[in-house]
A.B. asks: 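If you scroll down you'll find the structure; I have some questions about it.
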Protein chains: 2
Amino acid sequence: MIDKLEMFIALAREEHFGRAAAAQGVTQPTLSAAIKQLEDQLGVMLVWRGSRYQGLTPEGQRALDWARRIVGDARSLRQEMRVAREGLSGDLRLAVIPTALTVVSDLTAGFGAAHPNVRFSVQSKTSAEILSMLENLEIDAGLTYLDNEPLGRVTTVPLYAERYVLVAKSGHPLLNGPVKWSDLADVQLCLLTPDMQNRRIINQHLSEAGVEVAPQIESTSVVVLVSHVVRSNWATILPVRAAEIFLKGDDIGSVPLIEPDASHVVGLVAPHREPFTPVLAALLERARSLSELKGY
Amino acid sequence: MIDKLEMFIALAREEHFGRAAAAQGVTQPTLSAAIKQLEDQLGVMLVWRGSRYQGLTPEGQRALDWARRIVGDARSLRQEMRVAREGLSGDLRLAVIPTALTVVSDLTAGFGAAHPNVRFSVQSKTSAEILSMLENLEIDAGLTYLDNEPLGRVTTVPLYAERYVLVAKSGHPLLNGPVKWSDLADVQLCLLTPDMQNRRIINQHLSEAGVEVAPQIESTSVVVLVSHVVRSNWATILPVRAAEIFLKGDDIGSVPLIEPDASHVVGLVAPHREPFTPVLAALLERARSLSELKGY
DNA sequence: GGTATTTGATAGGCATATCCTATCGAAAGG
DNA sequence: CCTTTCGATAGGATATGCCTATCAAATACC
């Protein structure tokens, strides 16, 4: 039963029998049969059947919610038993917005030393992808914005408030003092792609300052942005935490962006499932002790 | 997997391999094998093994919590799909304290008419048994005291406040006006057994009024108490709601018990599992609309 | 103290479920 | 019109689940 629910979740996620089967490490006929059996056992159609996958029925949608719960709890059970057996161990799968990637090392620093058997897997994703992956049990926790878009049924631990700086090559005229958002009208900017929440935040502040931007360079990667700043004449806007790591040398500099002195809360997000698995509980505890926003 | 978890729950409840197997409709070797496989899959011992069942290990205890969650959710999934298929239907298993048995008909009255395919099964239990059966998924909801003993992780809907009357044969000298608890010192009382919370409540009020009682007749059934009142010379103490149904004829009468005018809240109790299954949600809704204690 | 009973584990055998490979038919794409 | 994609179906090997029968240890009883 639980295996079939896993396959059902995979099917809903991949929207494709073949890919879902591959993701589950079974062949396509096996997954097809599993879905059919699930439908027989529950007595309802879960998937619209044509010659191809055509989405979930309303019952399928409701069943998916339960399936996620059941499968998630079953994994929690297994994980907790493994921890009972061999101490904190296992994989902790994180997805992180690009501008918070440097914060991961703060989280893992003490954690990795205290729990050497816990392995981290970190991937860079958009905030929307992070929420969807949390729902689909593809990751155990995420690092994303907490104060902008609706999050759903999750536990959150605020970590810090993002503040923004303009990053440009050393000697750039704007680097001499705080820069207003409205000063950026004629600056050549490279920015994250618009599917990134960070970009939408920046767009909003720029537009509120009456500035229209159409960056020639967009990327999903902060590294790409910074290397364009270093190697060419672009400037970029980054959260302080994301920029810091690049500011060690003399190549580039940064100044705070003011009017407004914008700030957006970033933190850890995890599925809310009482009780938490030991590994996740430990990570949340670590995040709380690290938080700059205890009272948030 | 889920089947094995069901067997594990049964074993924890019955504390006996053979009985647990019978309860699950399998033979004892099947259940033994299932538990062993569960232990193998989880990699931990769940049950202390001697020549007989000797309780759960700490890991077993934790696993039991998850197992209840998973099995309960799986049942919810199945029930919800059945409701999607054929409308509100299925069994609703209730356990009720004896003094609230007459209230069940208030709950079922409108409900049964609106949902003819829902069958009720009602059993009379102590409040402690009700809570334990809720935990073990043996019942779907209970009717018990809400304001005395700790309830655990449950949803409650208060229904009414129990108030107490003295019930005695017509013509009994005490029936002429309100009776104080302290007036009962020399009255021959028959009462519920001390494992019933109602009896403990009554004991407490009597003892606070300085009255010691050692009833010659004790029973788990209100019917037994009332028939002793009718046929012999005993009196008894009952909540109004439990007494009403017997007061139609002229054989017996009742008077309020005062000083104190004691009151204890009785209501519906159900496992807290979001979202509720449709049948349970409908019952809770019915209970809320019926409640005399909306603001409680 | 010796016998009977209770309790859970083990062994062997059968039925069923599961998962694979190979193939098919319908729909979509070019 | 041909090719590709996608999911369903068929057949066979393997694994799992559950049963009956039996055993060994512990306990209860005379």
Side-chain angles (χ1 to χ4, degrees), chain A residues 1-57 59-61 63-64 67 70-71 74-75 77-78 81, chain B residues 1-57 59-61 63-64 67 70-71 74-75 77-78 81:
Chain A
M1 181 81 172
I2 288 182
D3 296 327
K4 291 173 191 160
L5 293 178
E6 293 237 27
M7 297 193 209
F8 178 57
I9 293 172
L11 176 61
R13 167 164 41 86
E14 304 288 344
E15 304 189 315
H16 187 289
F17 280 75
R19 280 198 301 276
Q24 292 296 298
V26 299
T27 59
Q28 170 263 317
T30 298
L31 188 130
S32 282
I35 301 299
K36 180 188 277 287
Q37 284 169 8
L38 201 55
E39 289 181 321
D40 286 350
Q41 284 176 27
L42 297 177
V44 293
M45 282 243 151
L46 299 172
V47 179
W48 292 121
R49 317 300 260 266
S51 73
R52 58 189 56 221
Y53 178 88
Q54 290 181 306
L56 299 182
T57 63
E59 294 81 27
Q61 198 55 248
L64 179 60
I70 294 168
V71 169
R75 289 191 192 166
L77 166 60
R78 283 191 272 261
M81 293 301 108
Chain B
M1 181 78 173
I2 288 183
D3 296 327
K4 290 173 194 160
L5 293 178
E6 294 236 26
M7 296 194 209
F8 178 55
I9 293 172
L11 176 61
R13 168 164 40 85
E14 304 288 345
E15 303 188 314
H16 186 287
F17 280 74
R19 279 197 301 277
Q24 291 295 296
V26 298
T27 59
Q28 171 265 317
T30 298
L31 188 130
S32 282
I35 301 299
K36 179 186 275 288
Q37 284 170 8
L38 201 55
E39 288 181 323
D40 286 349
Q41 283 176 27
L42 296 177
V44 293
M45 282 243 154
L46 299 173
V47 179
W48 292 122
R49 318 299 258 267
S51 73
R52 57 189 57 221
Y53 179 88
Q54 290 181 305
L56 299 181
T57 63
E59 295 81 25
Q61 199 54 248
L64 180 60
I70 294 167
V71 168
R75 288 189 193 169
L77 166 60
R78 281 190 273 262
M81 293 301 109

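Predicted model only: the values in this text are computed from it and were never measured. In what follows, every heavy atom counts, from backbone to side chain, and hydrogens, waters and symmetry copies are set aside. Residue numbering restarts at 1 for every chain, and letters A, B, ... go by the order of the sequence lines.
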A.B. asks: Determine whether a donor-acceptor pair (N or O, by modelled atom type, separation under 3.5 Å) exists between the side chain of A:Glu39 and the backbone of A:Leu46.
C.D. replies: yes

A.B. asks: Roughly what angle, to 10°, lies between the helix axis at the start of the helix from C:dG1-D:dC30 to C:dG30-D:dC1 and the one at its end, five pairs per end?
C.D. replies: 30°

A.B. asks: Counting only side-chain N and O atoms of A:Arg49, is one of them less than 4.0 Å from OP1 or OP2 of D:dA8?
C.D. replies: yes

A.B. asks: Nearest whole angstrom, please: distance from the P of C:dA9 to the CD of B:Gln54.
C.D. replies: 11 Å

A.B. asks: DNA chain C: B:Arg52 or A:Met7, which has the more 5' nearest nucleotide?
C.D. replies: B:Arg52

A.B. asks: Any non-hydrogen side-chain atom of B:Ile35 less than 4.5 Å from a side-chain atom of B:Lys4?
C.D. replies: no

A.B. asks: If I take atom CG in residue A:Asp3 and atom C1' in nucleotide D:dA15, what distance separates them, rounded to the nearest angstrom?
C.D. replies: 13 Å

A.B. asks: Roughly how far apart are B:Leu5 CG and A:Ile2 CD1, rounded to 0.5 Å?
C.D. replies: 6.0 Å

A.B. asks: Rounded to the nearest 0.5 Å, how far apart are CE of B:Met1 and CD1 of B:Ile70?
C.D. replies: 6.5 Å

A.B. asks: I need the CZ-C1' distance between A:Arg19 and D:dG7, as an integer number of Å.
C.D. replies: 13 Å

A.B. asks: B:Met1 CE to D:dG17 C1': how many Å, rounded?
C.D. replies: 16 Å

A.B. asks: Whole angstrom is fine here: how far is it from NE2 in A:His16 over to P in D:dC6?
C.D. replies: 3 Å

A.B. asks: Quick check: do B:Leu64 and B:Leu56 have side-chain heavy atoms less than 4.5 Å from each other?
C.D. replies: yes

A.B. asks: Do A:His16 and A:Tyr53 have side chains that get closer than 4.5 Å, going by heavy atoms?
C.D. replies: no

A.B. asks: Just the rounded figure in Å: distance from P of D:dT16 to NZ of A:Lys4.
C.D. replies: 15 Å

A.B. asks: Are any of the side-chain heavy atoms of A:Glu59 and B:Met81 separated by less than 4.5 Å?
C.D. replies: yes

A.B. asks: Can you measure A:Leu11 atom CG to D:dA8 atom P for me and round it to whole angstrom units?
C.D. replies: 9 Å

A.B. asks: Taking the side chain as every heavy atom from C-beta outward, state whether B:Glu6 and B:Arg75 have any atom pair closer than 4.5 Å.
C.D. replies: yes

A.B. asks: Got a second to check how far A:Asp3's CG is from A:Leu38's CG, nearest 0.5 Å?
C.D. replies: 11.0 Å

A.B. asks: Specify the residues of residues 23-40 of chain A, ordered by number, for which at least one heavy atom lies under 4.0 angstrom from an atom of DNA chain D.
C.D. replies: A:Gln28, A:Pro29, A:Ser32, A:Lys36

